[in-house]
Visitor: 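Quick one: structure below, then a few questions.
These numbers come from the heavy atoms of this one structure, side chains and all, not from hydrogens, waters or symmetry mates. In what follows, every chain begins at residue 1, and chains take the letters A, B, ... in the order their sequences are listed.
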Amino acid sequence: MLVTSALPYANGPIHIGHLVEYIQTDIWVRFQKLVGNRCLYICADDTHGTAIMIRAGKEGRSEVDLITQMSRAHQADFAGFDIGFDHYGSTHCEENRMLCGEFWAAMRTAGLIVERDVAQLYDPESNTFLSDRFVRGTCPKCGARNQPGDNCGSCGATYSPTDLIDPRSTLSGAVPILREAPHLFVQLEKLHAFLETWIDQGGALQSETANYLKGQFLANELRDWDISRPAPYFGFEIPDAPGNYWYVWFDAPIGYIASTLQWCKANGGNLDDWWRNPDCEIHHFIGKDITYFHTLFWPGMLHAAGYQLPTKVHIHGFLNVGGEKMSKSTGTLVAAETFLKHADPGFLRYFYASKLGARVEDLDLGADEFVDKINSDLIGKVVNLASRVGKFASRTGLADTYPDDGGLFASAAAAGDEIAEAYEACEYSRAMRRIMELADAANPFVEHARPWDLNKDPAQLETLRDVCTVAANLFRQLAIYLAPVLPKLAEQCGDWLGDPIRSWDQSQTPLLGKPVQPFVRMMDRIQVEALHQMMEESRTPEPATADPASRWNDSDQPLKAEPLAAEISIDEFAKVDLRIARIIDAQQVPEANKLLKLTLSLGGEERRQVFAGIKAAYEPEQLIGRLVVIVANLTPRKMRFGLSEGMVTAAGPGGAEVFLLGVDEGGQPGQRVH
RNA sequence: GGCGGAGUAGCUCAGUUGGUUAGAGCACCGGCUUCAUAAGCCGGGUGUCACCGGUUCAAGUCCGGUCUCCGCUACCA
């Protein structure tokens, strides 16, 4: 079988959010290898695209220089967390260029490619077409300034970058111009029927994902996929369309194959054994953000080029920290490197394992929960089991026959199948729970056997040896079951008992008649301060903007929408009698579309009935009791629903966007506004 | 608005096809212990299984409805 994790983009360091995926995959791969499956774990850096090109330009170096350095950093981070790739390549390699050409030719032959002109914003100063994220401007809907080209961070509207008011290139600050260029498209609709069948019958997807695709994409005609980018672009030039490059999402997944090919070259393998062999399972582990690339485009590409389709696409959710999205400003976006400075990588591996299931669900890392889980499970239950008999065991060695342990070893051995099934199904949290149950059962054995008393009586040496034999073997079982998650622990256990852990089956037979090495401590408790420190270190404060105007980022739209009125004198203003009033009752007017009926108090017994057009913006209950500003000397107006004796002041474009004027603390009903 | 998931002890969760008195770990309280890394053992459940209704001899579990939270999505890939 062949297993992949998504290719990390060569534009930033690995952080604990990425690691969810690599740890999830690595556990699965280690499990497969442990049970004896032939398994290759393939990954690579994803290196192409505008972002890389621009960053390299900014840093004044070549793209190759940038991605080379980034790849080194990524691999060091992964190694630090014991992610055991069989091969780690790069999408920027000759193998990938060759394979891209092969896929391309196949797709051309299949008649999937068409050419069409696309108008895109172009930066005339840096001579680059601008993808959405490199254009910023004023939101056409709400008028918020300095918003990205695809959607508004303020009102959430989505639009195309050409809709932006006053657009600017983030590269040069230049005003982008609209320029047409021919693009090449994949007509995915031609593969509609194939994809439908694959999704329905392949069993490759979690049910929620299949459901999502069917409802979201396959229910309609599939749109053509824009697969080329005009120069300049860091990537591979399309052989039969000079001046055009494959879009990064074309060559990235092909990188899985290219990286496998590199492995084959280095290890004497045959690529078709892995990618064109119906007997070879192919498993992709990805995050939910790139679902459709891997479940629509990629299967389509593989199908067109005659490669084996994925057996399973395992999709996981995102990581939250402390119940919130990771962010640089709160320091929850902890780099892999930073984590390693403060804590054992095994802790993160175990924590994720204890939280991961087979569903597409986000998981949460809480500092206290993390510390509790590590200290009580790993330290208190697992490692401590070995530690309790460590000193004695190295003196007594292991007995020649397995002593009576009340059935503990046998029942833990019997649990092996269930635990294995949980690993296989990616239900790691279930596996961890079962393993901890075994650890819970093992510790009382030591307690009741009282090896510390036996140790004082030389005549009891045999019994002591038996107790140590049981405890050491129960610990070894745990280490084997945990080996996919905690490879270091398995190694330490192997060193201690002089028998390396290589296979899942070792959990079924006790280790006997061997000397035991001096016990060395395996893990240390973690303090919650360690987590706080790594977050503190990861915090990069929101850049404080010097210019107050840009800090608030207020739009000029409202003023443009409603320009200033003609000048008036102070006397004219004085004619308008504005008063503070308290809303003492607010009622729906069922027949009215926009109106609420308000009863206002101006203090004392003075009451006003006012109809206000704020129905869409406010619930009556939330209005009662609050102070508003009203025009108190307005001629009463007879309306369909009754007399309106004044007007409540409010701003905003209307509809739900209505904002009542408030009164600061201390203002009283009846007071005039001057 | 649509789709999906969740709601069980203070916290994290388990609870299989309905079936005794609803569970585990952690936390907490009491006692014991000292081999072990402020570790361990024994005992202790403090719950309106979100809410309402229905089916049933029997509902955390099945059905209908309501509420709350989360994720995705709203024609952008």
Side-chain angles (χ1 to χ4, degrees), chain A residues 131-133 148-151 156-163 185-186 188 206-217 219-227 247 249 288-293 296-297 315-318 320 323-325 351 354-355 357 359-366 368-393 395 418 422 427 429-430 432-456 464 467-468 471 475 519-527:
Chain A
S131 66
D132 295 358
R133 43 185 300 217
D150 48 357
N151 62 73
T158 56
Y159 42 74
S160 112
T162 50
D163 297 334
F185 289 82
V186 178
L188 215 57
Q206 290 128 301
S207 59
E208 62 265 45
T209 306
N211 203 344
Y212 158 76
L213 292 172
K214 282 191 273 188
Q216 207 63 42
F217 295 93
N220 307 304
E221 190 173 295
L222 292 165
R223 263 181 296 272
D224 292 350
W225 182 34
D226 184 353
I227 205 177
Y247 176 46
W249 265 110
K288 63 182 182 182
D289 51 328
I290 54 177
T291 296
Y292 63 83
F293 290 112
L296 294 177
F297 303 141
I315 305 175
H316 61 80
F318 292 152
N320 291 323
E324 295 185 356
K325 283 185 178 160
F351 183 80
S354 77
K355 302 286 272 187
R359 317 241 56 147
V360 186
E361 268 168 3
D362 292 354
L363 62 151
D364 188 57
L365 193 165
D368 291 332
E369 193 193 343
F370 184 94
V371 169
D372 283 352
K373 201 160 252 201
I374 297 309
N375 287 347
S376 54
D377 290 1
L378 290 187
I379 312 296
K381 291 178 187 174
V382 177
V383 171
N384 193 228
L385 181 62
S387 180
R388 304 182 75 171
V389 297
K391 218 186 319 179
F392 310 137
R395 205 154 51 73
E418 196 187 326
E427 294 283 3
S429 63
R430 193 197 302 160
M432 295 308 106
R433 209 166 46 239
R434 288 294 287 121
I435 295 169
M436 287 311 136
E437 283 171 18
L438 302 180
D440 275 333
N443 270 302
F445 171 84
V446 179
E447 182 72 15
H448 294 133
R450 305 180 69 81
W452 54 94
D453 286 342
L454 301 173
N455 186 45
K456 289 173 189 154
L464 178 61
V467 171
C468 291
F475 169 71
F519 185 77
V520 286
R521 104 204 242 106
M522 297 177 177
M523 283 181 190
D524 288 301
R525 322 190 115 235
I526 181 168
Q527 307 292 326

Visitor: Which residue lies toward the 5' end of RNA chain B, Val446(A) or Lys381(A), if each is placed at its nearest nucleotide?
Guide: Lys381(A)

Visitor: Can you check the distance between C13(B) and G5(B), where both ends of the measurement are the C1' atom (answer in whole Å)?
Guide: 16 Å

Visitor: Is a side-chain donor or acceptor of Asn375(A) paired with a backbone partner of Ile526(A) at a separation under 3.5 angstrom?
Guide: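 Yes; at least one donor-acceptor contact below 3.5 Å.
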
Visitor: Return the nearest nucleotide to the side chain of Arg223(A); candidates are C42(B), C35(B), C75(B).
Guide: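 Selected nucleotide: C75(B).
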
Visitor: Give a yes/no on whether any side-chain N or O of Arg525(A) is located under 4.0 angstrom from OP1 or OP2 of U37(B).
Guide: no

Visitor: Please state how far atom CD in Glu437(A) lies from atom P in G15(B), giving the value in whole angstrom units.
Guide: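 That distance rounds to 11 Å.
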
Visitor: Paired with G43(B): which nucleotide, if any, by Watson-Crick or G-U wobble criteria at under 3.5 Å for both distances?
Guide: C29(B)

Visitor: Roughly how many Å is it from CZ in Phe217(A) to P in U73(B), rounded to a whole number?
Guide: 8 Å

Visitor: Nearest to the side chain of Arg450(A), which nucleotide is it out of C35(B), U33(B), C42(B)?
Guide: U33(B)

Visitor: If you pin Arg521(A) and Ser376(A) to their nearest nucleotides in RNA chain B, which one's is more 5'?
Guide: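 Upstream on the strand: Ser376(A).
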
Visitor: Please give the distance between the C1' atoms of G10(B) and A27(B) as a whole number of Å.
Guide: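 Here G10(B) and A27(B) have their C1' atoms 7 Å from each other.
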
Visitor: Rounding to an integer number of angstrom, what distance separates G53(B) and A59(B) when you compare their P atoms?
Guide: 14 Å

Visitor: Quickly work out the Asp226(A) CG to A77(B) C1' distance and round it to whole Å.
Guide: 10 Å

Visitor: Please determine whether a side-chain nitrogen of the Lys or Arg among Glu447(A) and Arg388(A) lies less than 4.0 Å from a carboxylate oxygen of the Asp or Glu.
Guide: yes

Visitor: Out of C35(B), U12(B), U73(B), which has the shortest distance to the side chain of Glu369(A)?
Guide: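 Looking only at side-chain atoms, Glu369(A) lies closest to U12(B).
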
Visitor: Where is the tightest heavy-atom contact between Arg359(A) and Ser207(A), given as atom of each residue plus distance?
Guide: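 Looking at all heavy atoms of both residues, the shortest contact is NH2-OG, 3.1 Å.
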
Visitor: Taking the C1' atom of each, how far is C32(B) from G23(B), in whole Å?
Guide: 26 Å

Visitor: Sticking with atom C1', work out how far G60(B) lies from U17(B), rounded to a whole angstrom.
Guide: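 Pairwise C1' distance, G60(B) against U17(B), rounds to 16 Å.
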
Visitor: At under 4.0 Å between heavy atoms, what does Phe297(A) touch on the DNA or RNA strands: base, sugar-phosphate, or nothing?
Guide: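 Result for Phe297(A) = sugar-phosphate.
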
Visitor: Nearest to the Lys391(A) side chain among C35(B), C41(B), U73(B), which nucleotide is it?
Guide: C35(B)

Visitor: Does any nucleotide pair with A24(B) by Watson-Crick or G-U wobble geometry, both distances under 3.5 Å, and what is it?
Guide: U12(B)

Visitor: By the 4.0 Å heavy-atom rule, please label Asn384(A) as base, sugar-phosphate, or nothing.
Guide: base

Visitor: If A58(B) has a Watson-Crick or G-U wobble mate with both distances under 3.5 Å, name it; if not, just say none.
Guide: none

Visitor: Classify Gly380(A) by what it touches in the nucleic acid, base, sugar-phosphate, or nothing, heavy-atom distance under 4.0 Å.
Guide: sugar-phosphate

Visitor: Considering all heavy atoms of both residues, which atom of Val446(A) and which atom of Trp452(A) are nearest to each other, and what is their separation?
Guide: O-CZ3, 3.9 Å

Visitor: Please tell me if the side chains of Val371(A) and Gln527(A) come closer than 4.5 Å, counting only heavy atoms from C-beta onward.
Guide: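 No; the side chains remain at least 4.5 Å from each other.
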
Visitor: Mind checking Phe293(A) for me? I need base, sugar-phosphate or nothing, with any heavy atom below 4.0 Å counting as a touch.
Guide: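 Contact class for Phe293(A): none.
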
Visitor: Should C3(B) form a Watson-Crick or G-U wobble pair with both distances under 3.5 Å, which nucleotide is its partner?
Guide: G71(B)

Visitor: Counting side-chain heavy atoms from CB outward, which of A77(B), C13(B), C72(B) is closest to Lys355(A)?
Guide: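 The answer is C13(B), which lies nearest to the side chain.
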
Visitor: Determine, step by step, whether Asn455(A) and Arg395(A) satisfy the side chain to side chain contact (heavy atoms under 4.5 Å, CB included) criterion, reporting the C-alpha distance in whole Å, the side-chain angles of both residues, the deciding distance to 0.1 Å, and the verdict.
Guide: CA-CA 10 Å; Asn455(A) 186 45; Arg395(A) 205 154 51 73; 2.3 Å; yes

Visitor: Identify whether any heavy atom of Val360(A) sits under 4.0 Å from a base atom; if not, whether one sits that close to sugar-phosphate; answer base, sugar-phosphate or nothing.
Guide: nothing

Visitor: Which atoms of nucleotides 4-10 of chain B (N or O only) lie under 3.5 Å from a protein N or O atom, and what are those distances?
Guide:
residue, atom, partner, partner atom, Å
G5(B), O2', Glu361(A), OE2, 3.2

Visitor: Sort out the partner of C49(B) for me: Watson-Crick or G-U wobble, both distances under 3.5 Å, none otherwise.
Guide: none

Visitor: Could you tell me which residues satisfy side-chain contact (heavy atoms from CB on, under 4.5 Å) with Phe318(A), sequence neighbours excluded, listed by chain and number?
Guide: Lys288(A), Asp289(A), Asp362(A)

Visitor: Just to be sure I understand the rule, does Trp225(A) reach a base, reach only the sugar-phosphate, or reach nothing, if contact means heavy atoms closer than 4.0 Å?
Guide: sugar-phosphate

Visitor: Could you tell me how far G19(B) sits from A58(B) if I compare only their P atoms? Round to whole Å.
Guide: 14 Å

Visitor: Where the side chain of Asn443(A) is concerned, which of C72(B), U37(B), C41(B) is the nearest nucleotide?
Guide: C41(B)

Visitor: Tyr292(A) OH to A77(B) P: how many Å, rounded?
Guide: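 Whole-Å distance recorded here is 9 Å.
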
Visitor: Mind checking Asp453(A) for me? I need base, sugar-phosphate or nothing, with any heavy atom below 4.0 Å counting as a touch.
Guide: nothing

Visitor: Classify the angle between the aromatic ring planes of Tyr292(A) and Phe297(A) as parallel (below 30°), tilted (30 to 60°) or perpendicular (above 60°).
Guide: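 If you compare the ring of Tyr292(A) with that of Phe297(A), the planes turn out perpendicular.
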
Visitor: Please work out whether the ring planes of Tyr247(A) and Trp225(A) are parallel, tilted or perpendicular, with thresholds of 30° and 60°.
Guide: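 Rings of Tyr247(A) and Trp225(A): perpendicular, over 60°.
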
Visitor: Return the value, rounded to whole Å, for the distance between atom CG of Asn375(A) and atom C1' of G40(B).
Guide: 15 Å

Visitor: Looking across every strand, which nucleic acid part, if any, lies under 4.0 Å from Arg433(A) by heavy atom: base, sugar-phosphate, or nothing?
Guide: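 Touches sugar-phosphate only.
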
Visitor: Are the side chains of Arg223(A) and Leu188(A) in contact, using a 4.5 Å heavy-atom criterion?
Guide: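 Heavy-atom side-chain distance check fails, nothing below 4.5 Å.
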
Visitor: Measure CG/Asp372(A) against P/C13(B) and give the value in whole Å, please.
Guide: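 One finds 13 Å between P of C13(B) and CG of Asp372(A), rounded.
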
Visitor: Considering only U37(B), U12(B), C35(B), which nucleotide approaches the side chain of Val383(A) most closely?
Guide: U37(B)

Visitor: Can you tell me which nucleotide in U37(B), G71(B), C35(B) comes closest to the side chain of Arg388(A)?
Guide: C35(B)

Visitor: Roughly how many Å is it from CG in Asp368(A) to C1' in G25(B), rounded to a whole number?
Guide: 16 Å

Visitor: Take the protein atom NZ of Lys373(A) and the nucleotide atom C1' of C13(B), then report the distance between them rounded to whole Å.
Guide: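 Roughly 8 Å, once rounded to whole Å.
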
